[in-house]
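Start at 1 and go down the list; that is how both ligands and their atoms are numbered.
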Amino acid sequence: MDHGDWAYFEGQIVSIQEAKISVMTHAFNYGTAVFEGIRGYWNEDHENLYIFRLQEHIDRMLRNSNILMVRPKLSLTEIQDIIIELTAKNGFREDTYIRPVCYKSEHELGPRLHDVASDLVIYEIRLGDYVNISGLKVAVSSWRRLRDNAIPARCKATGAYVNSALAATEAKMEGFDEAVFLGEDGTVSEGSAENLFLVQNGVLITPPVTADILTGITRNTIIELARNELGLDVVERPVGRTELYVSDEMFFCGTGAQVAPVVEVDRRPIGTGKLGDVTITLQKLYFDVVQGKIEKYRHWCTPVYDR
Ligand code: PMP
């Protein structure tokens, strides 16, 4: 990985070589950690790096850390300040990915959450596109999305990503770019690391927060931009599998995936089988917003330099 030289570990910023956990760490053995994925976008004209929706990511992490009882002792503002300081120290002048992890740090046997100390680690890498953003061919997975009452997808627990890895691996080994999860009830949930949207007759449709999805910050961004900038109706409702095949357009979205059009599902072309107009318009708007090019949405972009 093309990582930054500095990380936050055990309460301080240290060199990445020093940020090491033991084989006995609880989170390593049981997947007991909650993490975030945040992007920083380099704006060449402003000569600044903008961290996208930093506050919302930390807020989500703190809420989720409650589920796994890994809540850091630091406040939202303190964590934000640490991330800004760390990112400035890494000195990135290109697109960046920031990974905070709240984890069970004690060397303890037994899969429990109470009585086990936790800690916060943050590291950063340079990151361009995580998936191809010019037309994905995807497949419905034979793996089902894990349920809220088994391992909550909502909580972004590291252990839950075994479910994502199984689906993504199956899809890629079968020659597809990505997987679409159905929930145990058979309705559409999300991708392995992305939320998804359909366009049907000019209306944007996405599975609801009860469809065993991670409640994505990009998903929320897309809903706001579609409503406020494009005047589109957005509906959050259960989505049937075959709706994927009959929609006009489909796209994935997420911090990593950004806005990634899907042109084929299960070897069936979606709409024309080419990039759709609504998706392309939203993708362009999204990139302008995250790069801090649109004043109205600059409050979502935290500058790292010259503060
Ligand atoms: N679903 C899953 C399973 C994910 O891992 C991600 C990426 N964090 C998303 C959805 C998208 O969430 P966000 O837009 O907050 O990055």
Side-chain angles (χ1 to χ4, degrees), residues 31 33-41 51-65 67-68 83 95-102 122 124-125 127 129-131 133 136 138 141 143-148 150-171 178-183 187-198 204 206-226 234 236 239 250-260 262 282-283 285-287 289-290 297 300-301:
V34 162
F35 70 102
E36 272 302 321
I38 311 169
R39 267 191 191 261
Y41 284 91
I51 305 178
F52 190 60
R53 303 197 73 177
L54 176 59
Q55 184 182 329
E56 289 84 345
H57 278 282
I58 303 308
D59 181 58
R60 180 172 71 182
M61 181 175 80
L62 289 176
R63 289 171 195 280
N64 288 341
S65 66
I67 305 177
L68 284 204
I83 288 180
D95 293 350
T96 303
Y97 185 81
I98 303 161
R99 167 62 59 85
V101 188
C102 301
I122 309 168
E124 304 185 334
I125 58 172
L127 187 70
D129 293 336
Y130 168 77
V131 296
I133 51 169
L136 295 173
V138 307
S141 184
W143 297 95
R144 291 289 174 267
R145 191 66 176 134
L146 30 78
R147 287 183 142 166
D148 201 43
I151 303 178
R154 167 187 336 284
C155 123
K156 211 165 167 53
T158 54
Y161 279 76
V162 170
N163 186 224
S164 291
L166 289 167
T169 303
E170 176 188 64
E178 241 301 13
V180 174
F181 272 121
L182 305 180
T187 65
V188 174
S189 178
E190 60 178 344
S192 71
E194 309 86 5
N195 293 120
L196 69 82
F197 282 87
L198 300 175
L204 223 51
T206 194
V209 298
T210 45
D212 296 327
I213 63 169
L214 175 72
T215 313
I217 288 163
T218 318
R219 176 183 180 275
N220 172 269
T221 304
I222 293 297
I223 292 174
E224 296 242 343
L225 294 177
V234 184
E236 297 175 56
V239 171
M250 173 174 166
F251 62 89
F252 278 137
C253 72
T255 298
Q258 307 172 110
V259 178
V262 174
L282 279 168
Q283 190 188 55
L285 191 56
Y286 181 76
F287 280 125
V289 167
V290 295
Y297 294 103
W300 280 344
C301 305

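Residue R145 holds the heavy atom nearest to atom 3 (C) of ligand 1 of all those in R154, R145, K156.
For the pair C301 and F52, the tightest heavy-atom approach, listed with the atom from each and the gap, is SG-CD1, 4.3 Å. The minimum heavy-atom distance linking R60 with T215 is given by the pair NH1-O, 3.0 Å. For the pair E124 and I83, the tightest heavy-atom approach, listed with the atom from each and the gap, is OE2-O, 3.9 Å. A179 approaches S141 most closely through the heavy-atom pair CB-CB, 4.2 Å. Scanning both residues, T158 and G31, for their nearest heavy atoms gives OG1-O, 3.1 Å. The two residues N163 and L146 have their closest heavy-atom pair at OD1-N, 3.1 Å.
When only non-hydrogen protein atoms are considered, atom 5 (O) of ligand 1 lies nearest to Y161 OH, 2.5 Å. Looking at atom 14 (O) of ligand 1, its nearest protein heavy atom turns out to be T218 OG1, 2.5 Å. For atom 16 (O) of ligand 1, the closest non-hydrogen atom on the protein side is T255 OG1, 2.6 Å. For atom 7 (C) of ligand 1, the nearest non-hydrogen atom of the protein is A193 O, 3.4 Å.
Judged by the shortest distance from any of its heavy atoms, E36 lies outside the 4.0 Å radius around the atoms of ligand 1.
Near E190, meaning under 4.0 Å from one of its heavy atoms, ligand 1 places the atoms 1 (N), 2 (C), 3 (C), 10 (C). Under a 4.0 Å criterion applied to the non-hydrogen atoms of N195, ligand 1 contributes the atoms 10 (C), 11 (C). Using a 4.0 Å cut-off to heavy atoms of G216, the atoms of ligand 1 that qualify are 12 (O), 13 (P), 14 (O), 15 (O).
The N/O atoms of H57, backbone and side chain alike, include none that comes under 3.5 Å of an N/O atom in ligand 1. Geometrically, ligand 1 and I217 share a nitrogen or oxygen pair separated by less than 3.5 Å. Checking only distances, S192 never comes within under 3.5 Å of ligand 1, N or O to N or O. Residue R219 has no nitrogen or oxygen atom sitting less than 3.5 Å from a nitrogen or oxygen atom of ligand 1, judged on distance alone.
P207 has its side chain out of reach of E190: every pair of non-hydrogen atoms, C-beta onward, lies at least 4.5 Å apart.
For the residue pair Q258 / T218, no side-chain donor-acceptor distance below 3.5 Å is found, with atom types taken as modelled.
Counting heavy atoms of neighbouring residues, nucleotides and ligands inside a 6.0 Å radius, atom CH2 of W143 does not exceed 12 of them.
Contact annotation for A153 and ligand 1: no heavy atom of the residue comes within less than 4.0 Å of the ligand.
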